[in-house]
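Note that the structure is predicted; figures quoted are calculated from it, not measured. We name chains A, B, ... by the order of the sequence lines, and we start the count at 1 in each one.
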Amino acid sequence: MRLTEFRCEALFEWSLSEVELMHWADFTAEKLRKERGEKQVACSGITPSGEFHLGHIREILSAEMIHRSCLDAGLDSRYIFIVDSMDPLRRVYPFLSDEYEQYIGCPLAFIPAPDSDGNPDPNAGSYAEHFLEPFLEALAEIGVFPEVIMNHETYAGGQFTDKVDSAIEQADESREIIESISGRELDDDWFPYKPLGSDGSMDGVTVTGYEKPYVHWKDRHGESGSADTRKAEGKLPWRIDWAARWGIHGVTCEPAGKDHGAAGGSFDTGLPICRLLGSEPPAKMVYEWIQVKGAGPMSSSSGNTVGPIETLSLVPPEILRYLIAGSKMNRHIDFNTGPALFQMADEYERLVADPPNPEAEDLTKRQRVAAITQSGAMRLSQIERGADPVDSLAGVSFRHLAMLAQIKTSDDDVWNSLRSSGHLTGEPKQALQQRLARMRNWIGSIHFPEDARIHIHSQIDENVRGELSQEQSTFLQKLAGELSNTEWSDEAIGSTIRTIAPGCGIGGREAYVALYWVMLGRNYGPKASAILFEIGREAAIELLTS
RNA sequence: GGGCCUGUAGCUUAGUCAGGUAGAGCGCCGGGCUUUUAACCCGGUGGCCGGGGGUUCGAAUCCCUCCAGGCCCGCCA
């Protein structure tokens, strides 16, 4: 704990003189302090339409890491997560039944959630909540606990009223900003507020007048009415809504995807609109796309990308955080749930085992930059802020767990194995249990790399038989005979192997190579005695004598 | 058409903003550990920093230009 505090202090010291040598989140925190002072509000948002992807995770983690960096730098920081629950249902998604046609244009907060068949279920709560819930659970797994703000509640609470009034009073200016910056032409009947019609949809509703706080409308059914701007009876159009909420919540930082960041995109129009409505906007900050690819055919039409929930079911959360923390924001991330996961885990574990020390004196500028960046990435990758990275490994390497999970079918056997090898004392912590669960998911999925898969043969392959020397064959025969009397434990089997080998005229290496050849069809592998143990006495003897 | 980002070793990349001898990890090769956590340790291999031009004593870094890739400009992060 004290060490962590010291490191944060040290980072801050660096920042004063060598701001450029910081991790991007720390750099941003420092920049925010200079521009906006001690109070910071980091923000990210999501539309709970049900279509989530990893880009959302990148956005959220970027904001959350900046928030953590602000806290680490001693700033008074909040991280808010705005749910666009007032956004309308735009189309009938593939996972919805046609019955949702009737809800198009209605705010997601006000329409029913689908049941398992995709039909509206009046007893399942709101659509927005329904999809938000599992997403928030996923966020909790990666250590993200935002202040959740449902945008429809902000409308219902009247917090938007002044902004709405301001936008309507300055409708011409708003229009001018959007048209000149985005380059697109707005319809003549464009109005900076979209009231809900008689059927609860904002589609086909025309504004007929404004008398604060009421927006009068006429809808496609010929009905007319008035929307109270102090309530959730309508909303601002996206480009204005976004700009308005910056002011309402005092947002000082909100990373946006590069679609919003493009010239003329919603960030560019948001900045002047936010000022038009009387508030100071956050500085423009844009992050690149992220893509996580998996193996095999996926439901998604665009290649075979893996969604955030599925990714989290396979990838350890700190590794996912590290993927984001270790990449610069403007860097496109291509990741896969195959071999790259092993590599990323290796890299992470190397850093944990041998933490970079930015304070070392004999470092070149380059090395110091790397050390600072890496130690920042490690710090921000922890699920719990301030936690010791060593704890995240729970004492077991990713590769070791991959092996154990394959040869031990029961979790208890894995724990026993870890106890006997000294990796574990007592009962496994929840973190370790989850690691194993994810590992099993991964191994059981098509994403697990084929060459990391252990295929235990049930009999000697003919090609393999040809490779074996006379001595090796003799060894295998003798071993088979001996195994029928050997105590069936990992250790005893190992000892038997080592005892028999010399008597067959071969060294230990050749003996093991022979064993691996017949068991796995390869000349190397995980601990041989452990595999034999797992195969079981009878099957093992059958294999060796086949 | 307008704009943004990227191009450095076989792969992933650091360094680019404030120019000062190209760094790292993985892979690969060799050796060690009298042999197993696909581990670990030591050594080695490997880059005209996308091409060309310019500024400079000096350029991966700044300027111009070209090439290649990705993306945005319809509320898809």
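One donor-acceptor pair, N or O on each side, does fall under 3.5 Å between the base of B:rC75 and the side chain of A:R90.
B:rG44: Watson-Crick or G-U partner is B:rC28, with both key distances under 3.5 Å. Using Watson-Crick or G-U wobble geometry with both donor-acceptor distances under 3.5 Å, B:rC71 finds its partner in B:rG3. B:rA22: no Watson-Crick or G-U partner with both key distances under 3.5 Å is found in any strand. With a cut-off of 3.5 Å on both Watson-Crick or G-U wobble distances, the partner of B:rA38 is given as none.
For the P atoms, the distance linking B:rA18 with B:rU61 amounts to 14 Å, nearest Å. Across B:rG52 and B:rG70, the matching C1' atoms stand 24 Å from one another, rounded to whole Å. Distance check on atom P: B:rG7 versus B:rC49 gives 14 Å, rounded to whole Å. Comparing B:rC76 with B:rC71, their P atoms are spaced 16 Å from each other, to the whole Å. For the C1' atoms, the distance from B:rU6 to B:rA14 is 15 Å, rounded to whole Å. Between the C1' atoms of B:rG58 and B:rG19, the separation comes to 8 Å (whole Å). Here, B:rG74 and B:rC66 have their P atoms 27 Å apart, quoted to the whole Å.
For A:N330 and B:rU6, the shortest distance from a side-chain N or O to OP1 or OP2 is below 4.0 Å. Taking 4.0 angstrom as the limit, A:R331 places a side-chain polar atom (N or O) nearer than this to OP1 or OP2 of B:rG7. Within the 4.0 Å cut-off from OP1 or OP2 of B:rG15, at least one side-chain nitrogen or oxygen of A:K328 is found. Contact annotation: A:H53 side-chain N/O to B:rA77 OP1/OP2 distance is under 4.0 Å. Between A:H332 and the phosphate of B:rC5, there is no side-chain N or O to OP1/OP2 separation shorter than 4.0 Å. In terms of phosphate contacts, A:R350 brings a side-chain nitrogen or oxygen within less than 4.0 Å of OP1 or OP2 of B:rC26.
Within 4.0 Å (heavy atoms only), A:G257 reaches sugar-phosphate atoms of the nucleic acid but no base atom. In this structure, A:H423 reaches the bases: a heavy-atom distance under 4.0 Å links it to at least one base atom across the strands shown. Residue-level contact check: A:L54 touches neither bases nor backbone, having no heavy atom under 4.0 Å from any strand. Using a 4.0 Å heavy-atom criterion, one finds that A:A452 contacts the bases of the nucleic acid, with or without backbone contacts as well. Using a 4.0 Å heavy-atom distance criterion, A:I454 is classed as a base contact.
Counting only heavy atoms from C-beta on, A:Q343 has its side chain closest to B:rC26 among B:rA38, B:rC26, B:rC5. The side chain of A:E59 sits closest to B:rA77 out of B:rU36, B:rC5, B:rA77. Of all nucleotides listed (B:rC5, B:rU36, B:rU37), B:rU37 comes nearest to the side chain of A:H400. Closest approach to the A:R239 side chain among B:rC75, B:rA38, B:rA77 is made by B:rC75 (side chain taken as heavy atoms from C-beta onward). Set against B:rA77, B:rU37, B:rU36, the side chain of A:Y287 has B:rA77 as its closest nucleotide.
Among the candidates A:D354, A:V352, A:D346, the single residue satisfying the side chain to side chain contact (heavy atoms under 4.5 Å, CB included) test with A:R350 is A:D346.
Aromatic pair A:F131/A:Y127: centroids less than 6.0 angstrom apart. Taking the six-membered ring where the residue is Trp, the centroids of A:F398 and A:W442 are separated by under 6.0 Å.
The nearest heavy atom of RNA chain B to A:Y516 and to A:A370 marks one nucleotide each, and the one closer to the 5' end goes with A:A370.
A:S49 contributes atom OG, which lies 8.5 Å from atom CG of A:L89 (distance to the nearest 0.5 angstrom).
Note that A:R58 lies outside the cation-pi zone of A:Y287, set by a 6.0 Å cut-off to the ring centre and a 45° limit from the axis.
Distance, A:I273 CD1 to B:rC75 P: 13 Å, rounded to whole Å.
Ring planes of A:H260 and A:W242: tilted class, angle from 30 to 60°. A:F267 and A:W246 have tilted rings, their planes meeting at an angle from 30° to 60° on a 0 to 90° scale.
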